Amino acid sequence: MPEPTEDATFRHEDWYGEELGDRHFVRCSFFHVDLTEATSQGAIFDGCTFGNVRFNASRHTDSAFTRCTFQRCNLFEAEFTGCKLVGSTFAQCDLRPLTVAGGDWSFVALPGADLRGVRITDVRMREVDLTGADLTGATVTGVDLSAGQLHSSRLSKADLRGSDLTALDPTVVERARAVIDAEQAVVIAQALGFEIR
């Protein structure tokens with residue numbers, strides 16, 4: 001593990017296409033940094049702040065962005081594979097189109113996020129905050145959404161098959177033409193008070 005860079009501030013830096021490898025940042029701040037097409041493999045960002053950072057078309061594999069704050073960042077076509085973002089917060093970020101495959105996004109805050117058409121598969125998102133988020137047409141399959149906050153979220157035309165929907169109250173979300181499987185249908189029917197026989 002490389003020596004961590006701690007409490008540093010990076011402003012207006014061009015890291016376009018940078019290979020971050022397994023670098024380690026703790027409580028660092030990144031403002032107006034260009035990480036377009038950057039890649040990371042096993043990198044760690046712990047308690048970092050990202051403001052107006054461009055993550056466009058960046059690729060992150062088995063990296064960690066834990067307890068980080070993302071403010072007004074652009075993640076257009078960014079990909080996260082097997083990454084850990086536990087406890088991170090996204091505010092006023094451009095998140096479309098975003099691809100997340102595997103990893104742990106538990107306790108992540110995405111209230112009001114525009115997630116239309118994003119692809120999130122096989123991810124642990126326990127207690128995620130998706131209050132008011134727009135997931136219209138999104139693919140959210142095999143995702144652990146247990147104890148998640150989904151109030152007022154828009155799930156119309158979303159593919160939710162294989163995801164844990166035990167926290168979903170279908171009466172307080174937009175759900176027209178959302179796709180679920182038979183097992184999920186039973187869970188939702190029970191949540192509505194139906195007795196399955």
Side-chain angles (χ1 to χ4, degrees), residues 1-110 113-115 117-130 135 138-145 148 162-164:
M1 177 68 66
E3 283 294 313
T5 300
E6 299 185 18
D7 302 302
T9 298
F10 302 90
R11 294 182 185 274
H12 300 284
E13 299 208 11
D14 184 1
W15 290 11
Y16 185 99
E18 188 87 9
E19 292 187 9
L20 298 173
D22 59 355
R23 294 177 68 181
H24 189 180
F25 299 90
V26 179
R27 297 181 307 278
C28 292
S29 298
F30 301 82
F31 298 109
H32 298 279
V33 174
D34 187 358
L35 284 167
T36 301
E37 295 190 16
T39 59
S40 71
Q41 173 86 40
I44 296 174
F45 297 85
D46 185 19
C48 295
T49 298
F50 298 90
N52 293 287
V53 172
R54 290 200 293 269
F55 288 92
N56 307 39
S58 60
R59 305 286 181 267
H60 307 278
T61 305
D62 300 328
S63 295
F65 296 81
T66 51
R67 298 180 297 112
C68 292
T69 299
F70 297 82
Q71 181 85 25
R72 292 186 297 277
C73 294
N74 192 324
L75 287 88
F76 178 81
E77 290 193 342
E79 293 184 6
F80 294 85
T81 303
C83 292
K84 182 177 181 179
L85 278 86
V86 174
S88 288
T89 301
F90 291 82
Q92 298 174 282
C93 292
D94 186 347
L95 299 165
R96 304 174 53 223
L98 174 70
T99 300
V100 182
D104 192 346
W105 287 51
S106 297
F107 306 101
V108 167
L110 287 157
D114 184 355
L115 297 166
V118 302
R119 185 172 183 82
I120 303 172
T121 57
D122 304 313
V123 182
R124 181 182 173 92
M125 299 184 82
R126 294 178 63 87
E127 297 192 45
V128 65
D129 184 358
L130 289 167
L135 289 133
T139 298
V140 187
T141 55
V143 176
D144 181 359
L145 293 168
S163 292
D164 185 329

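Everything numeric in this text was worked out from a predicted model, so none of it was measured.
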task: Answer yes if the ring centres of Phe45 and Phe50 are under 6.0 angstrom apart, and no otherwise.
output: yes
message: Working note: Leu130 + Leu145, criterion side-chain contact (heavy atoms from CB on, under 4.5 Å); need CA distance, chi angles, decisive distance, verdict.
response: CA-CA 10 Å; Leu130 289 167; Leu145 293 168; 4.3 Å; yes
- prompt: Mind checking whether Phe55 and Phe76 have ring centres under 6.0 Å apart?
  reply: no
Test side chain to side chain contact (heavy atoms under 4.5 Å, CB included) applied to Thr39 and His60, Glu19, Glu18, the passing residue: Glu19
query: How are the rings of Phe30 and Phe25 set relative to one another: parallel (under 30°), tilted (30 to 60°) or perpendicular (over 60°)?
result: perpendicular
- prompt: Can you check side-chain contact (heavy atoms from CB on, under 4.5 Å) on Asp114 and Arg96, steps first, answer last?
  reply: CA-CA 7 Å; Asp114 184 355; Arg96 304 174 53 223; 3.2 Å; yes
message: Before you tell me yes or no, could you show the steps for Leu85 and Phe107 under side-chain contact (heavy atoms from CB on, under 4.5 Å), namely the whole-Å CA-CA distance, both residues' side-chain angles and the distance that decides it to 0.1 Å?
response: CA-CA 8 Å; Leu85 278 86; Phe107 306 101; over 6 Å; no
query: Does Arg27 CZ have over 12 foreign heavy atoms under 6.0 Å away?
result: yes
- request: Return the minimal non-hydrogen interatomic distance between Val108 and Val128, and the atom names on each side.
  value: O-CG2, 3.3 Å
field: For the student: nearest non-hydrogen atoms of Val143 and Asp122, plus distance
entry: CG2-N, 4.1 Å
- request: Specify the closest pair of heavy atoms between Val26 and Pro4, including all atoms of both residues, with the distance to one decimal.
  value: CG2-CB, 4.0 Å
- prompt: Are any non-hydrogen side-chain atoms of Leu98 and Phe80 less than 4.5 angstrom apart?
  reply: yes
Test item: Ser88 side-chain N/O and Phe65 main-chain N/O as donor-acceptor pair under 3.5 Å: yes
query: Would you find a donor on one side and an acceptor on the other, under 3.5 Å apart, between the side chain of Ser63 and the backbone of Ala43?
result: yes
- line: Here the salt bridge (Lys or Arg N to Asp or Glu O under 4.0 Å) pairs for residues 66-84, sequence neighbours left out, are Asp46-Arg67, Arg59-Glu79
Leu75 vs Asn56, side-chain contact (heavy atoms from CB on, under 4.5 Å): CA-CA, chis, key distance, verdict: CA-CA 5 Å; Leu75 287 88; Asn56 307 39; over 6 Å; no
